[in-house]
Amino acid sequence: MKSIADINAIREEMQSKVLIRDNTKEGETHVFVGMGTTGLQSGAVEVFNAFVDEITSRLVKNVRISRAGNMDVKDQPAAEVVLPGKAPVTYAGLNAEKVKVIVEKHILGGEPVTEYIVK
Amino acid sequence: MEISKHLVDLVVNSLEALAKHVLVLITEEEGGIALEVSDDGVGINEEELRKAFRGEKAPRGRGLSLLKEVAESSGGSLSYASTERGTVVRALFRGVPLGQVGDALIVFWQEMPITVITLSAVTGKGGYVFDSRLIETKYGSYTDTETMVKVRKDVNYTLTNLFGGK
């Protein structure tokens, strides 16, 4: 018999799979950059383009970079990264330097960058 | 805020009005730069428009109060016309930097296969047209981020030359 913790873990996994099916193709990483007016004023376009540059220069394939609406976080610009089979991770207070670290550690390495995650 | 950032707000408004075609026109005139965004979307009603221009929370018309403030305080102007068959917004800026239009344009990359985005630019030095329907013909595969970089570079380079880095 499975424990409550096991059941919760299975539920979380299933929920993340449902979300990924909704948003991405199989095996594709998806990056959403918040383009609300506050985000725009804080450098969201620069962050979007930093993701494009970093993904391109590192020859990473199967990454889709999209505009998202207003991400309701205090520290803009913000972005959400969804790796295949994983739950979305929302980052805030981004700039081009932080994007480099996220691409290196999270998108390529699979480990979210905890210090940039929305608290 | 640079003109290219206002362009993002206006194109988002067009997409939220379910436009199938968005036409962006950037021209040099009267000692300034005019940005015109027109679309074939469902428009915005007067009440929403009043709220948007007052800077109140409105479901549609984002960025309009800021655009009006920036355009008018620069010595330019803003005009707006909307019906249920389309919308035209025209802002004239004086002394406001154009910014990197290519950087702003590729923000809509995922929408371009569904909504046609055409960008025209005209100055005394010449003209330029970008049409999202021709991306694969002119630049490369839609699913490759390298194609996004090519489009951005082409638009930024051409507009910087046309507008002399204003």
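By convention in this document, chain letters (A, B, ...) are assigned in the order of the sequence lines, proteins followed by strands, and residues within each chain are numbered from 1.
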### Task
Identify which of L59(A), I55(A), T37(A), N62(A) forms the greatest number of heavy-atom pairs closer than 4.5 Å to chain B.
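With the most close heavy-atom pairs to chain B, the winner is T37(A).
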### Query
Going by residue number, which parts of residues 60-95 of chain B are within reach of chain A, meaning a heavy-atom gap below 4.5 Å?
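From residues 60-95 of chain B, the residues near chain A are R62(B), G63(B), L66(B).
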### Query
Taking non-hydrogen atoms and a cut-off under 4.5 angstrom, which of residues 106-132 of chain B neighbour chain A?
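Counting heavy atoms that sit under 4.5 Å from chain A, the residues of residues 106-132 of chain B involved are I106(B), V107(B), F108(B), Q110(B), E111(B).
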Is there a path of hydrophobic side-chain contacts, each under 4.5 Å between heavy atoms of I, L, V, M, F, W or Y residues, that connects [X] with [Y]?
X: V47(A); Y: V118(A); result: no
X: V73(A); Y: F48(A); result: no
X: Y91(A); Y: V101(A); result: yes
X: V101(B); Y: L25(B); result: no
X: V31(A); Y: I117(A); result: yes

Exceeds 12 heavy-atom contacts within 6.0 angstrom, atom [atom1] of [X]:
X: K150(B); atom1: NZ; value: yes
X: E47(B); atom1: CD; value: yes
X: E115(A); atom1: CD; value: yes
X: Y142(B); atom1: OH; value: yes

### Query
About how many Å separate CG of N49(A) and CE of M148(B), when rounded to the nearest 0.5 Å?
7.5 Å
### Query
Out of curiosity, E28(A) CD to T143(B) OG1, how far, rounded to the nearest 0.5 Å?
8.5 Å
### Query
Heavy-atom distance under 4.5 Å between the side chains of M35(A) and D9(B), does that happen here?
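No, too far: nothing below the 4.5 Å cut-off.
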### Flag side-chain contact, heavy atom, 4.5 Å: R67(A) against V11(B)
no
### Message
Between K5(B), E2(B), M1(B), who has the most heavy-atom pairs with chain A when the cutoff is under 4.5 Å?
### Response
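Max contact count across the listed options: K5(B).
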### Message
If you compare all heavy atoms of V63(A) against all heavy atoms of T145(B), which two are closest, and at what distance to 0.1 Å?
### Response
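Distance-wise, the nearest heavy atoms are O-CG2, 4.1 Å.
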